[in-house]
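Below you'll find the structure, written out as structure tokens, and then a few comments.
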Amino acid sequence: MSEPLFSIITINYNNKAGLKKTMDSVLEQDFQDYEYIIIDGGSSDGSRELIESYLADPKCKKRVSFWSSEPDTGIYNAMNKGIARAKGAFVNLLNSGDAFCKNVLAQLAPIAKENFGKILYGAVNFYEGGKFVLTLGRSADGLPQNMIAHQSCFVPLELYKKHGPYDESYKITSDYEKFLRFYANKEEFIFTNLIIADYDNEGISAKKNDLVLQENRRAREKYGFYVQPKKPLIKPLLHFLLPGACFWLAKFLLKPFRPQQAQSQSVSSAALM
């Protein structure tokens with residue numbers, strides 16, 4: 001049996017409703033040349049039982065090549081577990097709560113077959129609190145400034161083997177570090193002009209903005225993309241000019257009083273002579 005074209009990996013922890021949404025969007029795809037890998041972090045909310053209920057259906061069981069439900073050390077540890085099990089030519093990471101657009105794998109397949117070894121990516125429908133906000137599709141040329149939507153990315157498995165796993169020392173933005181690694185090593189990105197998935201901004205990175213900024217800066221510095229922000233000139237200029245300006249202003253305002261004092265002194269002197 002030949003290896004599948006796509007490996008779809010879903011990681012989950014205590015997000016049963018989100019997991020169901022994601023699994024449905026994968027298993028309902030018309031295109032069938034893919035394997036599905038589910039990595040659950042030992043959830044206690046019924047996620048494991050949900051997976052088992054899907055696997056009772058022979059059609060679903062055929063698509064799921066591997067699944068596990070056990071504790072892990074974080075989202076990137078779970079992603080690395082999934083990638084280690086992948087056999088497809090391209091790997092996509094679709095976390096629980098995100099969802100593929102209808103029949104998008106069928107639309108992507110011919111593009112993938114013409115671009116083996118290249119990173120394919122597209123756009124995502126961006127939601128916040130369940131409400132549609134916009135369709136977002138950043139260019140990979142902007143990676144030194146912003147991450148592209150990882151839900152839309154299909155990375156050749158060979159590139160994961162070539163460049164190593166996700167750096168688990170990053171708690172929130174290891175996906176950004178990973179894609180900067182691809183970019184810095186001149187891997188080729190191909191924009192597919194497809195809306196790949198629906199993404200709901202409810203993840204951990206949306207809730208810990210300070211850590212996101214810190215880790216993003218660390219990743220940019222690692223690959224030489226960090227540029228120290230230019231300090232505005234107005235502040236140092238004020239520090240330099242303000243004391244002198246205040247001195248001359250005070251001198252100017254007090255000037256009318258000085259001749260009167262001199263005149264009264266001279267009159268007094270004349271009276272004494």
Side-chain angles (χ1 to χ4, degrees), residues 1-109 112-113 116 120-122 124 149-161 165-166 175 194 196-200 202-203:
M1 181 179 177
S2 61
E3 304 299 356
L5 183 60
F6 301 124
S7 291
I8 312 302
I9 300 171
T10 293
I11 67 168
N12 174 73
Y13 182 66
N14 284 340
N15 185 18
K16 180 181 176 181
L19 178 61
K20 185 180 188 308
K21 172 184 173 182
T22 305
M23 290 183 68
D24 285 344
S25 79
V26 174
L27 296 170
E28 290 172 0
Q29 293 288 312
D30 285 346
F31 185 78
Q32 296 296 301
D33 189 13
Y34 72 89
E35 64 170 351
Y36 194 24
I37 297 169
I38 305 168
I39 307 295
D40 178 67
S43 297
S44 57
D45 69 340
S47 292
R48 179 190 180 101
E49 291 75 15
L50 176 70
I51 298 168
E52 291 173 336
S53 71
Y54 273 76
L55 295 179
D57 182 339
K59 291 182 180 179
C60 295
K61 188 173 182 179
K62 183 180 179 181
R63 298 268 65 86
V64 178
S65 63
F66 177 82
W67 76 280
S68 66
S69 182
E70 62 184 17
D72 54 50
T73 58
I75 56 177
Y76 300 111
N77 180 243
M79 288 180 178
N80 285 334
K81 284 182 180 181
I83 293 168
R85 292 280 181 172
K87 297 178 181 178
F90 293 87
V91 176
N92 172 271
L93 294 159
L94 191 72
N95 296 346
S96 64
D98 301 329
F100 276 145
C101 294
K102 187 176 181 180
N103 297 332
V104 71
L105 294 184
Q107 299 173 63
L108 185 65
K113 290 174 182 177
F116 284 105
L120 310 179
Y121 71 106
V124 295
H150 80 263
Q151 298 87 349
S152 77
C153 297
F154 288 74
V155 177
L157 181 59
E158 65 185 65
L159 294 189
Y160 279 117
K161 294 177 179 178
Y166 283 92
D175 50 345
L194 295 173
I196 304 293
D198 294 337
Y199 164 58
D200 201 326
E202 294 292 325

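Any value given below was found using the heavy atoms of this structure, including those in side chains, with hydrogens, waters and symmetry copies removed.
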For the residue pair [X] and [Y], what are the closest heavy atoms and their distance?
X	Y	result
Leu94	Ala197	CD1-CB, 4.1 Å
Ser65	Ile37	OG-CG1, 3.6 Å
Lys102	Gln107	O-NE2, 3.7 Å
Leu120	Ala112	CD1-CA, 3.5 Å

**Request:** List the steps, then state whether side-chain contact (heavy atoms from CB on, under 4.5 Å) holds for Phe90 with Leu5.
**Result:** CA-CA 6 Å; Phe90 293 87; Leu5 183 60; 4.2 Å; yes
Exam field: side chain [X] to backbone [Y], donor-acceptor pair closer than 3.5 Å:
X	Y	result
Gln29	Phe100	no
Ser7	Ala86	no
Glu35	Lys87	yes
Asn80	Pro165	no
Gln151	Asp198	no

**Message:** Walk me through whether Asn12 and Ile39 qualify under side-chain contact (heavy atoms from CB on, under 4.5 Å).
**Reply:** CA-CA 6 Å; Asn12 174 73; Ile39 307 295; over 6 Å; no
**Message:** Ser25: which residues meet the side chain to side chain donor-acceptor pair (under 3.5 Å) condition with it, sequence neighbours left out?
**Reply:** none
To the nearest 0.5 Å, how far apart are [atom1] in [X] and [atom2] in [Y]?
X	Y	atom1	atom2	result
Leu50	Met23	CG	CE	6.0 Å
Asn92	Phe6	CG	CZ	9.0 Å
Lys16	Ser44	NZ	OG	11.5 Å
Cys153	Tyr121	SG	OH	8.5 Å

**Prompt:** Side-chain donor-acceptor pair under 3.5 Å between Asn15 and Ser96, yes or no?
**Reply:** yes
**Message:** Would you say Asp175 and Tyr76 are linked by a side-chain donor-acceptor pair, where the criterion is simply a distance under 3.5 Å?
**Reply:** yes
**Message:** Evaluate Phe154 against Ile196 for side-chain contact (heavy atoms from CB on, under 4.5 Å), listing each step before the verdict.
**Reply:** CA-CA 10 Å; Phe154 288 74; Ile196 304 293; 3.9 Å; yes
**Message:** Going by ring-ring contact (aromatic ring centres under 6.0 Å, His included), name the residues that satisfy it together with Tyr36, two or more places apart in sequence or in a different chain.
**Reply:** none
**Asked** Can you list the residues that meet the ring-ring contact (aromatic ring centres under 6.0 Å, His included) rule with Tyr13, with sequence neighbours excluded?
**Response** none
**Prompt:** Does the side chain of Asn95 come within less than 4.5 Å of Thr10's, by heavy atoms?
**Reply:** no
**Validation row: Phe66, Ile38 side chains within 4.5 angstrom (heavy atoms)** = no
**Request:** Only counting residues at least two apart or in another chain, list the ones meeting salt bridge (charged side-chain N to carboxylate O under 4.0 Å, His left out) with Arg48.
**Result:** Glu52
**Item:** Residue list, salt bridge (charged side-chain N to carboxylate O under 4.0 Å, His left out) with Asp24, at least two apart or on another chain
**Value:** Lys20
**Message:** Please list all pairs meeting salt bridge (charged side-chain N to carboxylate O under 4.0 Å, His left out) that have one or both residues in residues 56-73, counting only residues at least two apart or in different chains.
**Reply:** Glu70-Lys81
**Prompt:** Going through the distances and angles, do Asp98 and Thr22 end up as a side chain to side chain donor-acceptor pair (under 3.5 Å)?
**Reply:** CA-CA 6 Å; Asp98 301 329; Thr22 305; over 6 Å; no
**Prompt:** What's the verdict on side-chain contact (heavy atoms from CB on, under 4.5 Å) for Asp40 and Ile51, showing C-alpha distance, side-chain angles and the deciding distance?
**Reply:** CA-CA 9 Å; Asp40 178 67; Ile51 298 168; 4.3 Å; yes
**Asked** Taking Leu93 as the fixed residue, which of Ile9, Ile8, Val155 is the one that meets the side-chain contact (heavy atoms from CB on, under 4.5 Å) rule?
**Response** Ile9
